[in-house]
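The structure appears right after this line, and notes come after that.
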Amino acid sequence: MCEVSLVCPVYNEYQLIEQFAAAATKVLRNTSESFEIVFVDDGSQDETWTEIIRLGKIFPEVRGVRLSKNYGKEIALTAGLANARGLAHIPIDVDFQDPIEPVPTLIGLWRGGIDHVIPRRIDRADKGLRLIGAGIFYKIIGWLTLNSVPKDVGDFRLLDAKITTRFLEFKEAGRVNKVIFSELGGSQKFVEFSRPIGAKGRKGGQSFSKLMDLGISAVSSNSARLSKSILVLGVAGFMVGITSAIAVLVAWLAGFIEVPGQATVLMAATVIVSVQLITGSFLGILVAESLRESQQRPKYFVEELS
Ligand code: UDP
Ligand code: MG
C-alpha cells in the first residue's frame with residue numbers, strides 16, 4: 001500500500017524508462033510520502049524487462065509487471081491499474097508526451113477530495129498529418145459514440161482507487177479506456193495543461209491500423225449510432241433505386257425514351273449493393289465483437305512481477 005501509483009504501459013521503449021523514472025521520482029519525492037511507479041512491459045521485444053528490473057534496484061519505488069505478449073496499450077494499462085497498490089492511480093506514458101509537471105497538482109486536488117482529476121490539453125505537440133489524422137479520428141469517434149468522451153483528454157489522469165475499481169468492473173476485451181473512463185462517475189475536475197514541446201513521442205505513435213481498430217471497438221461496443229445511420233442510408237438508397245426505376249418505367253410508357261436507360265438501372269443497383277455491403281460489413285463486425293465478448297477470454301496474463 002502506498003499513496004500514489006504512476007502506471008506506465010511500456011512497449012519497446014527501454015531507452016526512455018530510466019529517464020522517465022528519474023524525472024518522475026524527482027517530482028514525486030517532493031510531493032508524496034510514499035509512491036510507486038508501476039511499469040507494465042507489454043510484451044516488448046527489446047531490453048525493456050531487464051531495464052525495469054535494473055531500475056527497481058536503483059529506484060525502490062519502481063515495480064514491474066511483465067505481460068506474456070503484446071496486448072496493446074488499452075490492455076497494458078488495465079493490467080497496470082489492476083496491479084497498482086496506491087490510494088490514487090495516475091496512468092501516464094513514458095515517452096514524455098504526458099508531462100510530469102502537473103502531477104503534484106493532480107495529487108493536490110485528489111487530496112482535497114476530487115475522485116477523478118482529468119488534465120485537458122490546450123495544445124498538441126503532434127504535427128502535420130498526424131495532428132489532422134488524430135483530429136479527424138477523435139471527431140468521428142466523438143460523433144459515433146454520442147460525444148461521451150471529453151475533448152482533448154487522454155488516458156493521463158488521476159483516479160482514486162475507488163474509481164479504478166469501477167474501471168476494472170468493465171470486462172470487455174475490446175476496451176477503449178477513454179470511453180470507459182467517461183462512465184465512472186465520482187467527483188471530477190478538469191485541469192488544463194499544455195503538451196511539452198519536443199516530447200519524445202515514439203515515431204509514428206499508435207499505428208494507423210491500431211487507431212482504426214480502436215475506433216471500431218469504440219463504435220461497436222458503445223453506440224448503435226453507426227448502425228442506425230447506415231439503416232437510414234440503406235432506406236435512402238432504396239428510395240433512390242425505386243424512384244429511378246419508376247421514373248424510367250413512366251418515361252418509357254409515356255414514350256419519352258425508347259429503351260429503359262441501362263445506366264439508371266445500373267446506378268440504382270450500385271447504390272443498393274453498396275448499401276448492402278456497408279450494412280453487411282458492420283453486422284459482421286458486431287457479430288465478431290459479440291462473439292469475442294461472449295467468449296469471456298482472459299484479457300491478459302501476467303508472466304512475472306518485480
Ligand atoms: N504502448 C503499449 N503497448 C503497445 C503500444 C504502446 O504499452 O502495444 C505504450 C507505449 O510504450 C507508451 C504508451 O503506450 O507508453 C502510448 O503509446 P504511443 O506513444 O505509441 O501512442 P500515442 O498514444 O502517443 O500515439
Ligand atoms: Mg506516445
Side-chain angles (χ1 to χ4, degrees), residues 5-21 23-24 37-52 55 62-84 89-100 103 118-121 123-138 141 149 151-157 173-179 181 193-215 217-218 299-304:
S5 309
L6 293 193
V7 181
C8 317
V10 189
Y11 181 53
N12 291 343
E13 289 192 279
Y14 84 99
Q15 304 98 327
L16 282 180
I17 35 189
E18 176 163 17
Q19 206 181 334
F20 177 85
I37 304 176
V38 182
F39 287 117
V40 183
D41 176 8
D42 184 19
S44 301
Q45 289 98 34
D46 66 359
E47 299 307 305
T48 293
W49 184 247
T50 28
E51 181 70 353
I52 292 172
L55 289 176
V62 167
R63 291 175 50 221
V65 175
R66 184 163 79 84
L67 300 185
S68 58
K69 62 165 195 154
N70 178 240
Y71 287 96
K73 184 188 172 183
E74 309 300 304
I75 296 289
L77 180 58
T78 306
L81 286 168
N83 281 280
H89 307 141
I90 304 179
I92 181 167
D93 288 358
V94 283
D95 59 9
F96 293 94
Q97 284 180 328
D98 300 327
I100 295 168
V103 166
I118 309 164
R120 200 202 305 259
R121 281 189 298 271
D123 60 15
R124 273 187 76 110
D126 288 343
K127 289 191 203 78
L129 266 184
R130 204 171 140 64
L131 177 63
I132 298 170
I136 295 174
F137 175 79
Y138 288 113
I141 294 304
V149 180
K151 225 173 140 271
D152 295 327
V153 307
D155 290 341
F156 177 44
R157 58 190 62 224
R175 46 204 296 123
V176 181
N177 293 334
K178 235 189 294 190
V179 176
F181 284 144
F193 77 97
S194 57
R195 268 200 160 186
I197 306 296
K200 295 188 178 48
R202 178 219 306 275
K203 230 173 118 217
Q206 301 270 69
S207 69
F208 181 72
S209 63
K210 272 192 185 161
L211 273 186
M212 275 293 284
D213 219 38
L214 207 60
S217 293
K299 274 195 288 299
Y300 56 85
F301 290 118
V302 172
E303 204 66 51
E304 230 174 306

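First listed ligand is number 1; within each ligand, the first listed atom is number 1. Throughout, residue positions are numbered sequentially from 1 according to the sequence presented.
- Per-residue contacts place Val10 under 4.0 angstrom from the following atoms of ligand 1 (heavy atoms of the residue considered): 7 (O), 11 (O).
- Taking every heavy atom of Val94 and a limit of under 4.0 angstrom, the matching atoms of ligand 1 come to 15 (O).
- With 3.5 Å as the limit, one finds no donor-acceptor pair spanning the side chains of Glu303 and Trp49.
- When Leu67, Leu77, Asp93 are checked for heavy-atom proximity to atom 13 (C) of ligand 1, Asp93 turns out nearest.
- Side-chain atoms of Thr78 come within 3.5 Å of backbone atoms of Glu74 as a donor-acceptor pair (strictly under, hydrogens ignored).
- Atoms of ligand 1 found under 4.0 Å from any heavy atom of Gln97, numbered from 1 in the order shown, are 19 (O), 24 (O).
- The Mg ion (ligand 2) is closest to atom OD2 of Asp95 (considering only N, O or S atoms).
- Heavy-atom contacts of Glu13 reach the following atoms of ligand 1: 10 (C), 11 (O), 12 (C), 15 (O) (cutoff under 4.0 Å).
- For the 3.5 Å distance criterion, the side chains of Glu47 and Thr50 qualify, holding a donor opposite an acceptor.
- The only option from Ile37, Ile100, Asp155 that meets the side chain to side chain contact (heavy atoms under 4.5 Å, CB included) definition with Ile92 turns out to be Ile100.
- Close contacts between ligand 1 and Asn70 involve ligand atoms 3 (N), 4 (C), 8 (O) [criterion: under 4.0 Å to a heavy atom].
- By the 4.0 Å N-to-carboxylate-O rule, Asp93 lies close enough to Lys73 to be salt-bridged with it.
- For the pair Tyr11/Asn70, a side-chain contact is recorded, criterion being any heavy-atom separation below 4.5 Å from C-beta on.
- Of the options Pro9, Ala76, Ser44, Cys8, the smallest heavy-atom separation from atom 15 (O) of ligand 1 is shown by Pro9.
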